[in-house]
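Quick caveat: nothing in here was measured; it's all calculated off a predicted structure. In what follows, every heavy atom counts, from backbone to side chain, and hydrogens, waters and symmetry copies are set aside. Letters go in sequence order (proteins before strands), and every chain restarts at 1.
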Amino acid sequence: MVWRHIARTLRHGPLTLPAVPADEAATQALAERLHATSQRLLGRSLSIRQVDAGSCNGCELEIQMLNSIVYDLERFGLRFVASPRHADVLLVTGPITKNMHEALVRTWNAAPDPKFVVAVGDCAIDGGVFKGSYAITGGVDSAVPVDLVVRGCPPTPAALLDGLRILIEANARA
Amino acid sequence: MSAADLIRAGAPQPCQPWPRHLLTTEGWQAMAVALATTPSVELLGLWADTREVHALFHETTDGAFLLASVAVEAGWYPALSPVRPAAAWFERMVHDLWGHSAADGLDSRTWLDHGKWGQVAPLSARPAASLGAAEPLEFLTAEGEDIHQIAVGPVHAGTIEPGHFRFHAQGETVVRLEIRLGYLHKGTLGLMRGKSPRAAARFAARLSGDSTVAHSIAFAHAAEAAAFAEPPPRARALRAVMAELERIANHLGDCGAICNDAAFPFLLARYGWHRESMLRAAATAFGHRLMMDCVVPGGVALDIAPEGPAAILGALALLERELPNLLRVYDDYSSLVDRMVTTGIVEPPLAAAFAAGGFVGRASGRSFDARRSPGYAPYDALAFGVPVLTEGDVDARVRIRIGEIRESTLLLRALLAGLPDGALSVPLPMTSGEGIGWAEGFRGDIWHWLRLDGGQIASAFMRDPSWLQWPLLQSAIRGNIVADLPLCNKSFNCSYSGVDL
């Protein structure tokens, strides 16, 4: 039963994003640009360590979707890693809570140079709706230097992909 | 007198839809004594305001819901944790936020307060500046030969929320797990004070992003109860459409992630694809993939798009076609079943003692569902099943989710086939009052309480289902191997942000 079903799903072909006509051109262009730039700049991979430093978990839900077959982050040479010591990029969400501030700084210190910080979501920019709370220090830049922000509450997986592309391109030109 | 009668003997305070009974300290103590011999009265939540401590109970023999309060005297109130262990985390939270101490409580260690706020008891009438650094938390210990500790977090290895897990292990086997949370404390309850329900709804929607619809509904119910407002039937129906979509999308994500934690990524790929398909349908129907801020006190913020019903029904049809096959793959793959069955067992008596809701409770014999009891529209006019199993293991928690996906599919079809016409919302009057509201999220029953003063929130509390489920995870992992923690943890999928407030 297992193999029969797996074989059947193989037969009906991939369900990955390019199958959707409206997005195909953009995805292909993105794939090519990312491939070329990441090859030149960082070899074949950019390793991402995600850090939730205060999020409501909405951003995490959409970041997780980058690993799904629909967005399939790894085809761009981008992948999530378990340790900051393996990471080129910290993908940080949330207003920075006072209770997570130290853990985020320690994670940043643990990541080797050169490293980039992407602040994900409206809360990560300046605290968002939680601005002014006794329990937060502000946006991600209240704890570690930020290279790029991806807006949204939460940002869509497509916006997240776009943000990571901008990061790679900007650094290629720098 | 029974525990319920002792609560009802307290002076009734105006709260909708149930009065809140203010007990004397002696009355509260007598209630605690009676609770010790009355397991049928379940504790659903414990919280406070600047003067009183409040508790919500469910008398399961007659289905009554009871609110009890006690005035805090010189900073103290009698603890409930000796008779209801689930109260222990609440008592620690009440102490850290409001400064009220539980006399004779099981656990007086700090919880949300990690000594970083620059003040203590931030929600009390007069928060005091904190003096110096906090003492490091002492973890519970385990003694025996060759016992070692493993410290995990707060930053975890995956794309998940932060928390600290402290294991005591003997070789591969977990002897004790203690969970330390609070890292995501954002001061949400404090931010809600002084705001209108409409403005504060944005915080309810961001208590736990995966349950944004369900928390928004529970909050709206509480605000509507306090202000004596009745949302229009179309708003109620659209809320239910959003809630069932949210339930299906989350269960799909969980089913895939649980199988992936047992090293079976094929099902993650398939369930993940269906989750995406549901989120796209939600975006088509309501303009936002997670439907954040779509539910507001008084009704809904927007109507379903004209192409919304077709998008939702299309996604459901695709799911329904493949779901039986996905379940057969799950059943057929013996190495997968081997990881799931008898792993992370929660015995039914323990689930009952903690009044656990959702798939954690239902996998361990509990049928409680807030859509049925106390119930709310439009579910009172809809037929649906609540799957219940008694095995209490990871496998049972997966099967409950699959069963709920099927029920929610039927509910969505019924709802979309009969959407009532009419207004989308009513304005809430600028009034004073107190209300309690509830909703059934994908994790289980959610409770919101608030007090309005001239149309503004004077005090509020939001009880995520995870309050009563996290402690059970500590028990479920005992005797399992350390490597099965991700599997057990994902099968619970408790919210960190939801309890960190």
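Looking at heavy atoms from C-beta onward, B/Arg275 lies in side-chain contact with A/Met65 at the 4.5 angstrom threshold. At a threshold of 4.5 Å between non-hydrogen side-chain atoms, the residues B/Arg270 and A/Ile69 count as touching. Here the side chains of A/Asp52 and B/His156 are not in contact, with every heavy-atom distance at 4.5 Å or above. Side-chain atoms of B/Arg289 and A/Thr156, non-hydrogen and from C-beta on, do get closer than 4.5 Å to each other. Annotation: side chain of B/Leu268 is not in contact with side chain of A/Asn67 (no heavy-atom distance under 4.5 Å).
Taking a 6.0 Å sphere around CZ of A/Arg151, one finds it holds 12 or fewer heavy atoms contributed by other residues, nucleotides or ligands. By the neighbour-count criterion of 12 heavy atoms within 6.0 Å, atom CZ of A/Arg106 is sparsely surrounded, having that number or fewer from other residues, nucleotides or ligands.
Interface check for chain B: of the options A/Ser68, A/Ala82, A/Cys59, the most heavy-atom pairs under 4.5 Å are formed by A/Ala82. Comparing A/Glu60, A/Gln50, A/His5, A/Glu102 by how many heavy-atom pairs each has under 4.5 Å with chain B, the most go to A/His5. Between chain A and the options B/Pro122, B/Ala269, B/Gly272, heavy-atom pairs under 4.5 Å are most frequent for B/Pro122.
Of the atoms belonging to B/Phe266, it is side-chain heavy atoms, and not backbone ones, that fall under 4.5 Å from chain A. Using a 4.5 Å cut-off between heavy atoms, A/Tyr134 contacts chain B through both its backbone and its side chain. In this structure, chain B has heavy atoms under 4.5 Å from both the backbone and the side chain of A/Ile6. Looking at A/Pro154, the atoms closer than 4.5 Å to chain B (heavy atoms on both sides) sit in the backbone and in the side chain alike. Only the side chain of B/Leu279 comes within contact range of chain A, with at least one heavy atom under 4.5 Å from a heavy atom of that chain. With a 4.5 angstrom heavy-atom cutoff, A/Ser83 does not touch chain B via any of its atoms.
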Side-chain atoms of residues 122-130 of chain A: list all donor-acceptor pairs with protein atoms under 3.5 Å, sequence neighbours left out, distances to 0.1 Å.
from	atom 1	to	atom 2	distance (Å)
A/Asp122	OD1	A/Gly152	N	2.9
A/Asp126	OD1	A/Gly128	N	2.9
A/Asp126	OD2	A/Lys131	NZ	3.0

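When atom types are taken as modelled, the side chain of A/Asn99 and the backbone of B/Lys116 share no donor-acceptor pair closer than 3.5 angstrom. Listed for the A/Gln64 side chain is a donor-acceptor partner under 3.5 Å among the backbone atoms of B/Thr159. Distance alone, capped at 3.5 Å, places no donor-acceptor pair between the B/Ser497 side chain and the A/Asn57 backbone. In this structure a side-chain-to-backbone donor-acceptor pair under 3.5 Å is present from B/His288 to A/Cys153.
Between the CG atom in B/Asp500 and the OG1 atom in A/Thr97 there is a gap of 8.5 Å [rounded to 0.5 Å]. Atom CG in B/Leu184 sits 7.0 Å away from atom CE in A/Met100 (nearest 0.5 Å). Taking NZ of A/Lys98 as the start and CG of B/Asp113 as the end, the distance is 11.0 Å to the nearest 0.5 Å. Here the CH2-OG distance, from B/Trp117 to A/Ser133, works out to 9.5 Å after rounding to the nearest 0.5 Å.
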Decide side-chain contact (heavy atoms from CB on, under 4.5 Å) for A/Arg49 and B/Val155; before the verdict, give the C-alpha distance in whole Å, the side-chain angles of both, and the deciding distance to 0.1 Å.
CA-CA 10 Å; A/Arg49 171 65 248 215; B/Val155 179; 3.8 Å; yes
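Among the residues in residues 197-210 of chain B, those with a non-hydrogen atom closer than 4.5 angstrom to a non-hydrogen atom of chain A are B/Arg202, B/Phe203, B/Arg206, B/Leu207, B/Ser208, B/Gly209, B/Asp210. Among residues 185-194 of chain B, the residues having any heavy atom closer than 4.5 Å to a heavy atom of chain A are, in sequence order, B/His185, B/Lys186, B/Gly187, B/Thr188, B/Leu191.
Residues satisfying the ring pair (Phe, Tyr, Trp, His ring centres under 6.0 Å) criterion with B/His164, sequence neighbours excluded, are B/Phe139.
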